[in-house]
Every structure is written in C-alpha cells, then in structure tokens.
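Accompanying notes for the structure given below.
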Amino acid sequence: MERSSEIFLAKWTEIRKKGRLHYAIKQGVIMAILVIIVRNLFKLREQTVNEIIAELSIYHFIIVILGAIIGYGTIMWWIYENQYKAKTKK
C-alpha cells in the first residue's frame with residue numbers, strides 16, 4: 001500500500017471514531033466561516049468594513065453555518081467514507 005493511502009487510512013480511522021456529527025459540525029463551521037469571509041471580501045469595493053458588519057445578522061450566520069454543516073459536511077463525509085471503504089476492501 002502507498003504511503004499516502006496509509007496516512008489517509010490512519011487519519012480517517014481517527015475521524016470515524018469521533019463520529020459523523022462531530023466531523024460535519026467541525027468541517028461545516030470552518031467552511032461557513034470561509035464562505036462568509038470570501039463573500040464579504042468582494043463587498044469591500046463598495047462598502048466599508050463597518051457597513052458590512054452592520055449588514056450581517058445572526059440569522060445570516062446561522063443559515064450559512066447550518067447549510068455548510070448539512071451540505072458540505074455530509075457530502076465530504078460520504079466522499080471520504082467511500083474512499084476509506086474502497087481502500088480497506090483491497
């Protein structure tokens with residue numbers, strides 16, 4: 001087995017022990033924060049930082065974070081889980 005496959009299997013085994021929900025929350029929150037930052041960077045051409053912060057609401061953060069947890073976290077879990085199963089099957 002290749003070294004990269006061994007590293008992946010070791011890391012994913014540890015992640016699997018913590019569970020799908022833990023993974024989805026952690027990865028979803030990270031992705032949501034990145035999306036919010038990148039999305040608002042484009043607004044800096046027309047608005048100041050204070051104006052952008054004033055526009056953001058707690059509801060906006062909640063919707064983006066929940067969307068990332070449910071969408072991104074679930075899809076990435078499924079992708080990595082399928083890779084794990086394929087590599088352990090051989």
Side-chain angles (χ1 to χ4, degrees):
M1 188 180 318
E2 293 179 23
R3 178 79 177 132
S4 61
S5 292
E6 291 174 6
I7 294 170
F8 168 77
L9 290 174
K11 286 183 179 180
W12 190 248
T13 301
E14 289 299 314
I15 291 170
R16 288 177 92 213
K17 287 179 186 175
K18 294 177 184 173
R20 183 178 180 174
L21 184 61
H22 180 269
Y23 176 80
I25 290 171
K26 181 179 174 185
Q27 295 300 314
V29 169
I30 291 169
M31 185 63 168
I33 290 169
L34 290 173
V35 166
I36 290 168
I37 289 170
V38 170
R39 185 172 171 259
N40 287 309
L41 281 176
F42 292 110
K43 289 183 179 181
L44 282 175
R45 293 182 188 156
E46 296 116 22
Q47 297 175 320
T48 66
V49 173
N50 291 336
E51 290 172 334
I52 292 172
I53 291 171
E55 278 184 10
L56 297 175
S57 69
I58 192 72
Y59 299 113
H60 175 80
F61 284 114
I62 291 171
I63 290 169
V64 172
I65 289 172
L66 285 177
I69 290 170
I70 293 168
Y72 179 78
T74 301
I75 290 170
M76 293 309 295
W77 177 273
W78 179 77
I79 289 170
Y80 289 137
E81 188 65 17
N82 285 334
Q83 287 178 358
Y84 178 83
K85 288 177 182 176
K87 289 178 191 263
T88 55
K89 194 181 250 187
K90 294 180 181 178

Residue pair K85 / T88: nearest heavy atoms and the distance that separates them
O-OG1, 3.2 Å
Measuring from atom OH of Y72 to atom CD1 of I65, what distance do you get when rounded to the nearest 0.5 angstrom?
15.0 Å
Looking at T74 and G71, would you say the former's side chain and the latter's main chain have a donor-acceptor pair under 3.5 Å?
no
The salt bridge (charged side-chain N to carboxylate O under 4.0 Å, His left out) partners of E46 (sequence neighbours excluded) come to none
Once rounded to the nearest 0.5 Å, what's the spacing between atom CD1 of I15 and atom CD of Q27?
7.0 Å
Is E14 salt-bridged to K17, cutoff N-O under 4.0 Å?
yes
Write down the atom of I25, the atom of I69, and the distance for their closest heavy-atom approach.
CA-CG1, 4.0 Å
Working to the nearest 0.5 angstrom, can you tell me the gap between K89 NZ and Y84 OH?
13.5 Å
Is there a path of hydrophobic side-chain contacts, each under 4.5 Å between heavy atoms of I, L, V, M, F, W or Y residues, that connects W78 with Y23?
yes
List the residues meeting side-chain hydrogen bond (donor to acceptor under 3.5 Å, both in side chains) with E81, not counting sequence neighbours, and say none if there are none.
W12, R16
Which pair of non-hydrogen atoms, one from G28 and one from A68, has the smallest distance, and what is that distance?
O-CB, 3.1 Å
Among the clusters formed by ILVMFWY side chains lying less than 4.5 Å apart, do I75 and V35 turn up in the same one?
yes
About how many Å separate CD1 of I7 and CD of E2, when rounded to the nearest 0.5 Å?
10.5 Å
Atom CZ of F8 with >12 non-hydrogen neighbours under 6.0 angstrom
yes
How does the hydrophobic cluster around I30 look, that is, which other residues are in it when side-chain heavy atoms under 4.5 Å mark a link?
L34
